[in-house]
Undergrad: 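After the structure tokens below, expect a handful of questions from me.
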Protein chains: 2
Amino acid sequence: MTLLSPIDGLVDKLRDQGFKITHPRYQVIERVADRDANFTAEELAAELAPVGRATVYRTIKLLVDQGLLCRVVLGDGSICYRSSHLAHHHHLVCLSCGATEDVHLSDVEAVIDRVRGATSYEVVSHRIEVYGFCPRCKGFQSEADITHLHLH
Amino acid sequence: MTLLSPIDGLVDKLRDQGFKITHPRYQVIERVADRDANFTAEELAAELAPVGRATVYRTIKLLVDQGLLCRVVLGDGSICYRSSHLAHHHHLVCLSCGATEDVHLSDVEAVIDRVRGATSYEVVSHRIEVYGFCPRCKGFQSEADITHLHLH
DNA sequence: GCAAGGATGAGACTCCATCTCAATAAGTTA
DNA sequence: TAACTTATTGAGATGGAGTCTCATCCTTGC
Ligand SMILES: [Mn+2]
Ligand SMILES: [Mn+2]
Ligand SMILES: [Zn+2]
Ligand SMILES: [Zn+2]
């Protein structure tokens, strides 16, 4: 009897959509599926060494589209990724070390709906990142770190 | 009697902080202060032609720090700038053309406060961009545009 | 098996941003 | 005004992230 890994579902879903499950692609999925820490595309490419950089970038994009990964915008604007739990959520990001937690911002939908009612734009999505200092970095921030924050 | 332009306040503030008001720097401020449309660093550098690119980038950073400009993250992750009205606000960004409106998200602070109470992070800031299609782009979006949105 | 078409990857390339460092200009002091 | 101190400038190099090309390879369905 085969043990059904959480990856299998995704693999089937991809095949259904006409994507081929190649070895390099599978390696990327494997490495990424169960991570709890953030990682950059470049880090992942380095880890997966013999797999081509282009393939890693292409696969990350694919996995973001498929909802397995989500992009995180760090305080300095740089990008990293983390495995997604699929339900809509947002990010709490450490300005110092980049450590990230998923947060559910209750009632955000209500806030967004109010925008929807007040604008002529057709609102389809939003991005929220909450920034701060994680327990480990708390107390080490300098004045400068904080006074340089104009994120909106 | 001298007419007090809105730029003068900033110039004084900068001088107070020990920054020198050089000609190139002043030119950047002038070009940027009253804009209503978004612009990229590269566009600004091109417009200000003889002013060095490095100087334009440095000055933009300075003005973001000083609160005269704010960074906008477009749907594709690229960056542009717009003059800021200083009060805390967020952005409503067109996924198609990048047109941006400032929006005040009422009650966001309450939502953020709830995060503050529920995490061990020290929350200091946040970034919110609401994405959609502006009146002019509405109706032109393809399925693809929308299904590729995993912004959180 | 085989064929068809998607996927790969080395390397070139683009874009954005920052760095270096010698030359220059702003502000200060006398 | 002249000298002085120091921040600023800018040409060009450099770095980093991501994309593109295209000949070759692999997966899948038949
Ligand atoms: Mn996430
Ligand atoms: Mn703004
Ligand atoms: Zn941290
Ligand atoms: Zn638009």
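Values below: all heavy atoms of this structure, side chains included; hydrogens, waters and symmetry mates excluded. Naming: A, B, ... by sequence-line order, numbering from 1 per chain.
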Undergrad: With sequence neighbours excluded, tell me which residues meet side chain to side chain donor-acceptor pair (under 3.5 Å) with A:Thr55.
TA: none

Undergrad: What is the distance from CD1 of B:Ile60 to P of C:dC16, rounded to the nearest Å?
TA: 12 Å

Undergrad: Could you tell me the separation between the CD1 atom of A:Ile21 and the P atom of C:dA7, rounded to a whole number of Å?
TA: 9 Å

Undergrad: Per the end-axis method with five pairs at each terminus, what is the bend angle of the helix from C:dG1-D:dC30 to C:dA30-D:dT1, to 10°?
TA: 40°

Undergrad: Give a yes or no answer on whether the side chain of B:Lys13 reaches the backbone of B:Gln66 with a donor-acceptor pair at less than 3.5 Å.
TA: yes

Undergrad: Would the distance check show the side chain of B:Lys138 and the main-chain N or O of A:Ser120 forming a donor-acceptor pair, the cut-off being under 3.5 Å?
TA: yes

Undergrad: Salt bridge check: are B:Asp36 and B:Arg82 linked by an N-O gap of less than 4.0 Å?
TA: no

Undergrad: So, using salt bridge (Lys or Arg N to Asp or Glu O under 4.0 Å) as the criterion, who are the partners of B:Asp12 when residues are at least two apart?
TA: none

Undergrad: Rounding to an integer number of Å, can you tell me how far A:Leu44 CG sits from D:dG18 P?
TA: 12 Å

Undergrad: State, with a plain yes or no, whether a side-chain heavy atom of A:Val64 is found less than 4.5 Å away from one of A:Tyr81.
TA: yes

Undergrad: Does A:Asp107 have any side chain to side chain donor-acceptor pair (under 3.5 Å) partners at least two apart in sequence or in another chain, and if so, which?
TA: B:Arg114

Undergrad: Which distance, rounded to the nearest 0.5 Å, do you find between the CG of B:Asp65 and the CG of B:Leu14?
TA: 10.5 Å

Undergrad: Using modelled atom types only, decide if a donor and an acceptor are shared between the side chain of B:Asn38 and the backbone of B:Gly98 within a distance under 3.5 Å.
TA: yes

Undergrad: Is there a side-chain polar atom (N or O) of A:Thr22 under 4.0 Å from OP1 or OP2 of C:dT8?
TA: yes

Undergrad: Quick one: do A:Arg136 and A:Cys94 satisfy side chain to side chain contact (heavy atoms under 4.5 Å, CB included)? Show the steps, please.
TA: CA-CA 10 Å; A:Arg136 287 194 311 168; A:Cys94 178; over 6 Å; no

Undergrad: Passes side chain to side chain contact (heavy atoms under 4.5 Å, CB included), B:Thr59 versus B:Val51? Steps please.
TA: CA-CA 11 Å; B:Thr59 307; B:Val51 176; over 6 Å; no

Undergrad: With respect to the phosphate group of D:dT19, does any side-chain polar atom (N or O) of A:Tyr57 fall under 4.0 Å of OP1 or OP2?
TA: no

Undergrad: Between C:dT8, C:dA17, D:dG10, which one does the side chain of A:Thr55 approach most closely?
TA: C:dT8

Undergrad: Would you mind telling me which of A:Glu101, A:Glu129, A:His104, A:His126 makes a side chain to side chain donor-acceptor pair (under 3.5 Å) with A:His90?
TA: A:His126

Undergrad: Whole-Å distance between D:dT8 P and B:Gln17 CD?
TA: 11 Å

Undergrad: Starting at CZ of B:Phe19 and ending at P of D:dT9, how long is that distance when rounded to a whole Å?
TA: 11 Å

Undergrad: Given the rule in the side chain to side chain contact (heavy atoms under 4.5 Å, CB included) test, do A:Val72 and A:Ile79 qualify, once you have shown the distances and angles that lead to the verdict?
TA: CA-CA 6 Å; A:Val72 179; A:Ile79 301 297; over 6 Å; no

Undergrad: Rounded to whole Å, please give me the gap between CZ in B:Arg71 and C1' in C:dA17.
TA: 10 Å

Undergrad: Who are the salt bridge (Lys or Arg N to Asp or Glu O under 4.0 Å) partners of B:Arg116, not counting sequence neighbours?
TA: B:Asp113

Undergrad: Taking only heavy atoms on the protein side, list every residue of residues 34-43 of chain B lying under 4.0 Å from any atom of DNA chain D, sorted numerically.
TA: none

Undergrad: Looking at residues at least two apart in the chain, or sitting in another chain, which of them share a side chain to side chain donor-acceptor pair (under 3.5 Å) with B:Thr22?
TA: none

Undergrad: Of B:His23 and B:Tyr81, whose closest DNA chain C nucleotide lies nearer the 5' terminus?
TA: B:Tyr81

Undergrad: Below 3.5 Å is the cut-off: list the nitrogen or oxygen pairs between protein and nucleotides 1-6 of chain D, distance only.
TA:
{"residue": "D:dT6", "atom": "O2", "partner": "B:Lys20", "partner atom": "NZ", "Å": "2.7"}

Undergrad: Apply side chain to side chain donor-acceptor pair (under 3.5 Å) to A:Ser78 and list each qualifying residue two or more places apart in sequence or on a separate chain.
TA: A:Asp76

Undergrad: Could you go over nucleotides 10-13 of chain C and give all protein N or O partners under 3.5 Å, atom names and distances?
TA:
none

Undergrad: Roughly, in whole Å, what's the span from CG in A:Asp76 to P in D:dA17?
TA: 11 Å

Undergrad: Take atom CG of A:Leu48 and atom C1' of C:dT8, then tell me their distance rounded to the nearest Å.
TA: 14 Å

Undergrad: Would you jot down, in residue-number order, the residues of residues 24-33 of chain A having a non-hydrogen atom under 4.0 Å from DNA chain C?
TA: A:Pro24, A:Arg25

Undergrad: Suppose the criterion is salt bridge (charged side-chain N to carboxylate O under 4.0 Å, His left out): which pairs have a residue in residues 38-63 of chain A, not counting sequence neighbours?
TA: A:Arg31-A:Glu47, A:Arg35-A:Glu47, A:Glu42-A:Arg53

